[in-house]
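Here is how names work: the chains are called A, B, and so on, in the same order as the sequence lines, proteins then strands, and each is numbered from 1. Fair warning: this is a prediction, and the values are worked out from it, not measured in the lab.
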Amino acid sequence: MSHAVATPPVLLDNTGSDPRRRAPLVLGGHTDTTLTDKICGLAERPRAPRGWWPVFLLSAALALMFFVLIGYLIGRGIGVWGVQVPVAWGFAIINFVFWVGIGHAGTLISAILYLFRQPWRTGINRFAEAMTVFAVICAGIFPAIHVGRIWFAYWLFPVPNQMLMWPNFRSPLVWDVFAVSTYFTVSLLFWYLGMVPDLATLRDRATSRGRAIVYGLLSLGWCGSQRDWRDYERAYLMLAALATPLVLSVHSVVSFDFAVSSLPGWHATIMPPYFVAGAIFSGFAMVLLLAIPVRWWFGLQDIMTLRHLENMSKILLATGTMVGYAYFVEFFIAWYSGNRFEHFTFLNRSLGPYGWAYWIMVTCNVITPQLFWSKRIRKNPLVTFLIVLFVNVGMWFERFVIVVTSLQRDFLPSSWGYYVPTWVDWGMLAGSFGLFLALFLLFLRFAPIIAMAEVKVVMPRAEPAPAPAPPLQAVPRRGESGSLAGLLGEFAGPGALREAARRAREAGFSHFEAFTPFPVEGMDRAMGLPDSRLPWWTLAGGVLGCLGGLWLQWWTNAVDYPLIISGKPFFSLPANIPVAFELTVLCAALATVAGLLIGNGLPRYHRPWFRHERFRRATADRFFLFLDAADPRFDPKGSAALLVQWGAAAVEPLEG
Amino acid sequence: MSPLKRERPAQWRSLGDREGRSELRIWREGEFPEGFFGGGGPDRREFLKLMGASLAMLGAARCRWPAEPIVPFAHRPEGYVPGAPKRYATAMELAGAATGLLVTSYDGRPIKIEGNPRHPYSLGGTSAWHQASLLGLYDPDRSRHPVQRAGQDESRASWEAAAAFLRGQFAQLAAREGRGLYVLAAASSSPTLGRLRARLLEQEPRAEWLEYEPFSHEDAEREGTRLACGQPLRVHPRFDRARVVLLLDADPWLAHPAAVRYIHDFSQARRGPAEARPRVWAVEAAHSLSGSLADHRLPLRPSELADFAVRLAAQLFLGLGLAPPAGFGEVRALEAWRGGGRADDLLGALARDLWSARGDALILAGPRVAPEIHALVYLLNHALGSAGRAVTYTEAPEPSRAAHAEAIRRLADRLEAGRVDTLLLLDVNPAFDAPADLEFARRLEKAKTAIHVGPYRDETARLCAWHLPLAHYLESWGDARAWDGTWSIVQPLIEPLWEGRTAAELLSLCVEQAPQRAYALVRETFRDAFGPGAVEDGWRQALHEGLVEGTAWREVMLPVARGEWWDAAFAQAGASAARREGWELVFCLDAKVYDGRFANNAWLQELPDPMTKLTWDNALLLAPRDAQRLGVTDGDLVRVQAAERALELPALVLPGQAPGSASVALGYGRRAAGAVGGGVGAEVQTLRPADGRLVAEVRLERTGARRELACTQDHWTMDRLGAAERELRARRFARQVELRDFLADPHRAVRGEGEFHPVALWREHTYPGHRWAMAIDLDACVGCGACVVACQAENNVPVVGKREVLRGHEMHWIRVDRYFSGDPEAPSVHHQPVTCHHCENAPCESVCPVAATVHDSEGLNVMVYNRCIGTRYCSNNCPYKVRRFNWFHYTKKTGHLEAMVFNPEVTVRSRGVMEKCTFCVQRIQSARIAARREGRELRDGDVVPACAQACPAQAIVFGDLNDPGSRVRAAFDDARAYALLEEQNVRPRLRYLARLLHRTGRRAEG
């Protein structure tokens, strides 16, 4: 994210042929100031935007119904659903897979596109990550309530219990527990960590004490110092690197629920890539489904531009085609394998009693996205909205088809059945949407919905020459030297600040700090900061997680309580890889965040510059250099002159 | 017993009970005093001693005996171990024939019924009805005390009042020699009851005693044999001897009082050498279970049956030159019936087959067949030389009694004529099950005094002045005779739970100066029969063995007489040719609720019908072609218009039903059956003709309305794709092999071309101790469903009700899959019991996240209920779909009384938990303990799971694969053995033995 300033708009777009003529990512002539005002303004509105309350109340009512139905389910038993033998899994698992899939877009945008240096992601990533977190919350509820005895669901975790038994680490459901909880944790960290600088912006702009406290607490005392940014960016990179395999693994593990079973229609090696493609497909569809109305509702067309929509449409086209290919390959393999059960399962899927669901799925998922070949359609938000609506319906039906039609008619025709969802099933599906929307609306109302710090990095910026020092604030006020903490010089832009930092270092200063509203390329080199040591934390966490995971599985299943399960050996590595992997990622991510917080002394709510009125804009649109009074080279008068000499527009002393 | 003590009872015997009056508290506290049954086997003396003592103690709260203080055991009775189950021999009578049983009692509480291997009509097996009768004992809807009715007022009465009334009434009647006294009694073979009946008729000579069964097995047979030889006979088909069997609308393996024995004989015969393997031909309208076992089956409307039989006779006598029996005379009258007819092809082959098996050929006609045709069958059996060999005869009991259909008609007439002063109804329910045209309920009001004695306050009881509760057989002393006359003593397992008394006790009240208790009555009969000398030893022997040896009736051999029936048979046959229009409705005995008497038995209501897999209902069974013609599918309501009445019945397509006919099960539509059976199904006896025939001519019409039918298989109408695949798989899964092909190349015939070689991907676990396994012989299995109910009783399997069955929530641990293949009008039927296969590589186990289902060291796939959290993944991954999930808390509302039926050795599962067949692991454990106490190794046959135990065909064998001499090892090594879904490499510990078909070379129709 730090390259943009150095080489302004060069890498921004891949659609034009002339790199110099590529369109900017943010339109409407936004500057740091206007952008900050715009985004923060949304969260700072004293009243909710028009239409927010009705939609929120409706969603909240649905969410409430969801919880009432969960209570009913727990009180009465799983029989209130339509599930039965043979279709022992129904809407709960369908909804679970659906919501987990939705979540994938957020992680993909924030992690994978980040690694692939796709700066257009910045306009939508906050939004998409929030969607991920809420979707995973919805997803996580279903497997928990779908067990027959929810009060013993904690046995899924390897915690010591009265029966001295351990989970069976060969079960894909245990893998699921690890995968989804890791995924949720990492997504949440990623989302939250990304939001910290923006929360700091909101804190600094807060007009009421309440908001100041809430945003203050949430922003952990972030002040945009260069040392913070250095570790922060490294942490972000580490998390992105961890989240990338994670995002691929989560839906792969979810697909193992099916692939590892022996049921025709489930037992297939194509499942992981097919599920991941489908997840990204549905996730992007959901991002678009939310983004199109929201950009219009909140007037964000300049930030979530048509180009964003178009890029996402292209991803939909690509993943939709992959999904279509997977549908085709499933059929081909069913025929090619010569396995009659497999063969029949797929015939039954398309022509049997649930054929209607299959054809809804194919129409929505394979045929409608093909419209995105047309640039006109890609540029038309309304048509795009309709298409992604279809895609979301289709992807829900895809899970329905996979879960239900495979179970419905398996091996023995005597036990074939027909699954009919009950009103509770439908109510819970609607309720999960209510919960999702309610959370999302709260997010829209109170959080920075655009990653301001990141967008600022990619904004076209005319770097002005260092402005002449305004005489008004050129002379530092004198205070008692014992209480003087240092001098704060304000600079016009990131370039001027970087130059000043370089000159400070060259002048022999060692105790100084630069504050910027977004990370500035080359600043650490200009300041002479050493490389971040954060990757070591990540490595240590990862190694510990991996070894710990393997040890846990070996010790519990092969040493402490060995059981004959499916005639398999007590210990066998292949079955233990998913959990070991998830623990690796989880521990590495936790260690990274811990490293960031510990290394930078966060959270820390008291810093000298917080008291300074002017400094509040350091998290919005101003750039500061702070010379610490503790520096041996520091001398109040001379240093102030130096700051002015280096191009500071204003210099102020800071009380200690 | 503590839960019984404190709480307010959910059931109560009386208001006093509910309010917790002290005498009843005492009764409850003393409900199962330890040592109620003291001894088993060798220490009979102990038992009798205790019977005397503890009965008196137990009776504290009962009106029959004076209250006495309860004295707890100061010393444990010798030989009594609390918590150790004991087994006692008794017998259950159904439709006038007894089956010997062994009942397991747990601390004085009967919990399981099994067949008595020594009894000739059980041979260790039971039917579903026997198994389920246990639940009837604990039925809270059973009648609990006498009720007196005056107009609309009903009041609880005491037995003292009832006894006083009865004595007065009968004394009055005796004064006029019993004029106006009518007794309508269910068929009973009880010698004690017979003795008391004789006594009654002696005192009241002008009284009339009528025997009535709504579905009579014997009416036609008795009449037919009487026509043929001048005396009603009881027919005993010998399936163990017959080589060719022709069933003329007969269902000896399900709807027959001796079905358990017949299944046994038949399966034994099929186990014999292949050359002597019996071949079965069936000609019938309704697709009966027996018909489904036939090698050739011809669906024929009931009216065409006479034509078929006469043509068969013509073919045999004239075509093949079979000589009529000596003294019978000419058979030339049959000339007109040679050749032609609808089933000409089959007739020729059938006649040749019967002819070539002369002496071992058996023809059996069923209860719907006209008496003349029964007579013809008698003639044919004699002519074929089979009489005395493949079929034997004994004198029918009570040769002079009226036919059942005649009896009810006569009583109805007498009621209408106002000639009935006192009507005693003994364990019958004519207000429900008499043909509707007799309007029995209305006419019953015309009796001056009607006294009903029965186990329930049923439809009839509600119309009678007096209702007296009848004791369950498990709480009664009594006696009964098997189908062949073998004498058994009915021994109680428990004190009557309510105030029920036996029929004999009741008659004793009516006719004896000093009424006696059932025990004394039975002893007296016994003494009369076997002499005073035999009474002690003989009695004890009889109690212990469950029967008295050598009491079967003697076979008789009476020559065929030519009479009017000979021409009547032709007339019947001629009439059938004329009647081609209209629908014929066939009434069948229900495989579950019988004639309605078991309607309140939830185990039976939920038992899937062997042919249709229908639960909790009866339906109009139609041939596929006919259903198409009517434009109906499963569940569409059809208006059935009989002569006077009409009824709407849901259609159910049953391949193999004779086109032009429809069949329907009796026994449903009970209005006052109890909480379980009330209002289940349709009351089809309203369509039954007044003459009591089991066939009616009806008109059928689609109504357009629907009623969902709860079938456990094929819940929905199958689409063409699914139907085709189902049939294809049925042939692979429930294999049937032509005997010819099997003899030529057994391996190939059973296993086909493909051979599966299991490959181990890892070092496999070994099972050096026992390797429990099961084999199910599809050739022996008749699909009767006894195993299903036996399993339910043994393993506390809950009943879920119609709505839950409709939703696919049934809980049976063993199910009998039924498939059809071939021509839908004349299909092959495959019956295949499916339990948990206990796969060595069980797919259910690896997917369970909490290791709630794992293997034990002997290779059992065990389900750990208290570890299960209910993800249901195991069920998804089970290729056999034998796992059952507790969708709701099915046992939550179980009252204290119903809870008594639970087997204490098996966990009662709560909701949210998966369950499945355990191979009766509790029985393995008890056998292991028993063997250890005797200081020996487990032997083959020590462990018998409930399903295997109940199976009359002994189709299920269980044992240790590591034991080279075990039967299960032999079965696994049999050429017919195959594993279901072998290619899944799950290594099931269950093998099936393919069924063999013994069809004639010429592939005849069917």
Side-chain angles (χ1 to χ4, degrees), chain A residues 76-80 82-89 146-150 152-153 155-156 163 165-168 170-174 176-177 257 260-263 266 340 344 347-348 351-353 407 409-420 561 563-569 572 575, chain B residues 713-716 719 721-722 725-726 729-730 733 762-765 804 807-809 815 817-819 832 834 840-843 845-851 854-857 866-873 875-877 879-881 883-889 911-914 981 984 986-987:
Chain A
R76 289 270 289 130
I78 299 297
V80 300
V83 281
Q84 34 136 298
V85 172
V87 188
W89 284 358
H146 124 285
V147 300
R149 302 202 292 172
I150 190 171
F152 291 130
W155 288 346
L156 287 164
M163 270 186 258
M165 281 180 76
W166 299 102
N168 166 23
R170 296 167 193 84
S171 169
L173 289 186
V174 172
D176 256 2
V177 168
D257 288 349
V260 168
S261 82
S262 58
L263 208 65
W266 282 10
R340 55 170 313 105
F344 174 73
L347 277 182
N348 183 53
L351 304 172
L407 284 169
R409 291 182 168 177
D410 64 339
F411 296 100
L412 301 192
S414 60
S415 54
W416 287 356
Y418 191 83
Y419 166 78
V420 183
Y561 208 137
L563 287 164
I564 304 177
I565 286 177
S566 297
K568 295 184 189 211
S572 138
Chain B
Q713 234 182 292
D714 319 335
H715 279 271
W716 62 98
D719 56 299
L721 180 78
E725 183 70 16
R726 177 179 54 183
R729 288 191 193 177
F733 292 167
W762 52 79
R763 214 180 67 212
E764 299 188 318
H765 294 283
E804 286 291 280
R807 299 181 65 210
H809 289 174
R815 61 172 200 262
D817 287 352
R818 183 269 300 120
Y819 301 109
Q832 183 174 40
V834 181
E840 286 186 5
N841 296 343
E845 294 174 356
S846 63
V847 297
C848 176
V850 291
V854 294
H855 253 59
D856 77 0
S857 59
N866 57 359
R867 178 67 180 170
C868 177
I869 62 169
T871 67
R872 310 185 294 289
Y873 199 176
S875 171
N876 286 347
N877 212 26
Y880 309 102
K881 289 289 173 285
R883 291 178 155 264
R884 299 285 179 239
F885 187 67
N886 287 276
W887 304 99
F888 292 112
H889 194 165
R911 90 171 144 94
V913 177
M914 194 57 82
L981 294 173
Q984 291 299 108
V986 295
R987 315 263 173 101

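Both the backbone and the side chain of A:L156 come within contact range of chain B, each with at least one heavy atom under 4.5 Å from a heavy atom of that chain. At a 4.5 Å heavy-atom cutoff, the contact between A:V80 and chain B is made by backbone and side-chain atoms alike. For A:V177, no part lies under 4.5 angstrom from a heavy atom of chain B. Neither the backbone nor the side chain of A:D176 comes within contact range of chain B, judged by heavy atoms closer than 4.5 Å.
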Open item on the list: If you apply the rule salt bridge (Lys or Arg N to Asp or Glu O under 4.0 Å), what do you find for A:R340 with B:E725, and how did you get there?
Closed with: CA-CA 10 Å; A:R340 55 170 313 105; B:E725 183 70 16; 3.3 Å; yes

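Side-chain atoms of B:N841 and A:S566 form no donor-acceptor pair, as typed in the model, at a separation below 3.5 Å.
Shown here are the salt bridge (charged side-chain N to carboxylate O under 4.0 Å, His left out) partners of B:R884, two or more places apart in sequence or in another chain: there are none. B:R818 pairs by the salt bridge (charged side-chain N to carboxylate O under 4.0 Å, His left out) definition with B:D714, not counting sequence neighbours.
In terms of non-hydrogen atom pairs under 4.5 Å with chain B, the most contact-rich of A:P167, A:A153, A:G567 is A:G567. Options A:R76, A:Q84, A:R170, A:R149 differ in how many heavy-atom pairs under 4.5 Å they form with chain B, and the most are formed by A:R149. Counting heavy-atom pairs closer than 4.5 Å to chain B, the top-ranked of the candidates A:V174, A:L351, A:I78 is A:I78. The most heavy-atom pairs under 4.5 Å with chain B, out of A:W166, A:F152, A:F344, come from A:F344.
A:W155 carries B:R867 over the face of its six-membered ring, with the cationic atom under 6.0 Å from the centre and within 45° of the normal. The side-chain tip of B:R729 does not point at the ring of A:F411 from less than 6.0 angstrom away and within 45° of straight on.
A:H146 contributes atom NE2, which lies 9.0 Å from atom CD1 of B:I869 (distance to the nearest 0.5 angstrom).
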